[in-house]
Amino acid sequence: MIDLKKFEVWFITGSQHLYGEETLKQVAAHSQQIAKGLDGSGQIAVSVGYKPVVKTTEEIYNTMQEANAAENCIGVITWMHTFSPAKMWIRGLNILQKPLLHLHTQFNRDIPWSSIDMDFMNLNQSAHGDREFGFIVSRMRKNRKVVVGHWQDNEVLAQIDAWTRAAAGWHDWQGAKFARFGDNMRFVAVTEGDKVEAELKFGFAVNTYGVGDLVAVINAVTEQEIDALINEYEATYTMDAALLKGGEKHSSVYEAARIEIGLRTFLEKGGFKGFTDTFEDLHGMVQLPGIAAQRLMEAGFGFAGEGDWKTAALVRAFKVMGSGLKGGNAFMEDYTYHFDPENNLVLGSHMLEIDSSLANGKPALEVHPLGIGGKADPARLVFNVAGGQALNASIIDMGNRFRLLINEVEAVEPQNDLPNLPVARVLWKPYPDMKTGCAAWIYAGGAHHTAYSQNLTAEHLQDFADIAGLEFLRIGKETRLDQFRNELRWNEVAYK
Ligand code: MN
């Protein structure tokens, strides 16, 4: 969807003039080799660019200023090959506005036992040079990711990759616009929140657009455009004869296609990265956008139902972070439970709008009554979703802070046909187990709406939370309810 290679992280090596020209030349040569090695490893999602070694307060300040201003620079990796007295870093770190990763590595993997001498010791000092740097970052209370190990180590590369993906998601939020058609759904609490604070903290704007403005764009869609999209539907999905051209229910598909084109046009013309709607405010629309929302999500837009702008923004960030990885990222809702003690399950779904990038096999395009909302029967894609490791994540507004909560889950293949349930659905088992996972989620105030990911891990989201200044809570295999409840209590103090 999004080409992450167009983004760059800068590899900046710190040193000082104490060592003399010869040593500094070697430092620069080694740094170039490491930056090139990271960039060419094939294991890091974005590009890695070498920057000249910084040796003074002024050089550090200027480099950070350039990083802030560089459009495609999404983060900075620092490394101290030698000792770089960290008071020199204060001004530069103070103005740095891009995410920071401290790579605690060493040029050579092994100690050359038979040849090691004092020249070698003067050059290869990161074991203590990086501690001096670490102190000042901690002293300045700056969030960063610390990655330890040799720069060719696969685990190190994977950790750097996770951070670059988080940084790309963050970069995408800066200046992003999300359209909200209609307001919140009635009295729902968790989908509300402070949009001003969100723009201050996260860099994206959420604004309301009258559904009438959208309807005007939908009504301006031409018959030729609709016809072309219906051809695409017929080529892509399984459809009953009644839904095909000339069939008795074809008009529902026709209206759905019109809505999809209108929505896409509105979003693209306005430069929006996602949207929300609510089935309570569809004045002038024939049906609730079903297939439209599903396919727009598959195309990379963030979405959540019922005015839930926080989840829509999170879904968009997930799509950027997971770009190029196998699996999908989607809007989800915990819908209903299977409380069989031998086989506890959550059935995740929504009224209609489950991202078709999750589809396992060819989706069926179907038209059925919605049961609520009082509109015409909407078209939607129906499919099952594959099993495997996954997670649900929710951003909630706690009043004095935003909280990012995740629950790692194991998705399972459907064991039963659901002939009377005409929506896409996922089945999963929350970690560490159903009762603990759900109780922890509820104690933490997690929403019923989530961003569901098949390809992001707790590491991606921890990194994202650190970059965004979000409180981060993880419910996973090791979670114990008593400890988790203490974590919630202690965080209340930490964020006071
Ligand atoms: Mn919902």
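Whatever order the structure lists ligands and atoms in, that order sets their numbers, starting from 1.
A salt bridge links Arg401 with Glu471; the closest basic N to acidic carboxylate O contact falls under 4.0 Å.
Qualifying salt bridge (charged side-chain N to carboxylate O under 4.0 Å, His left out) partners for Lys310, counting only residues two or more places apart in sequence or in other chains: none. Taking the salt bridge (charged side-chain N to carboxylate O under 4.0 Å, His left out) definition, one finds that Arg186 meets it with Glu280, sequence neighbours left out.
Between Phe402 and Phe202, the ring centre distance stays below 6.0 Å.
Protein N/O/S atoms closer than 2.8 Å to the Mn ion (ligand 1): Glu306 OE1, Glu333 OE1, His350 NE2, His449 NE2.
Annotation: salt bridge (Lys or Arg N to Asp or Glu O under 4.0 Å) contacts involving residues 224-238, sequence neighbours excluded, comprise Asp227-Lys245, Glu232-Arg295.
The aromatic rings of Phe331 and Phe303 lie perpendicular to each other, with more than 60° between the two planes, well past the 30° mark.
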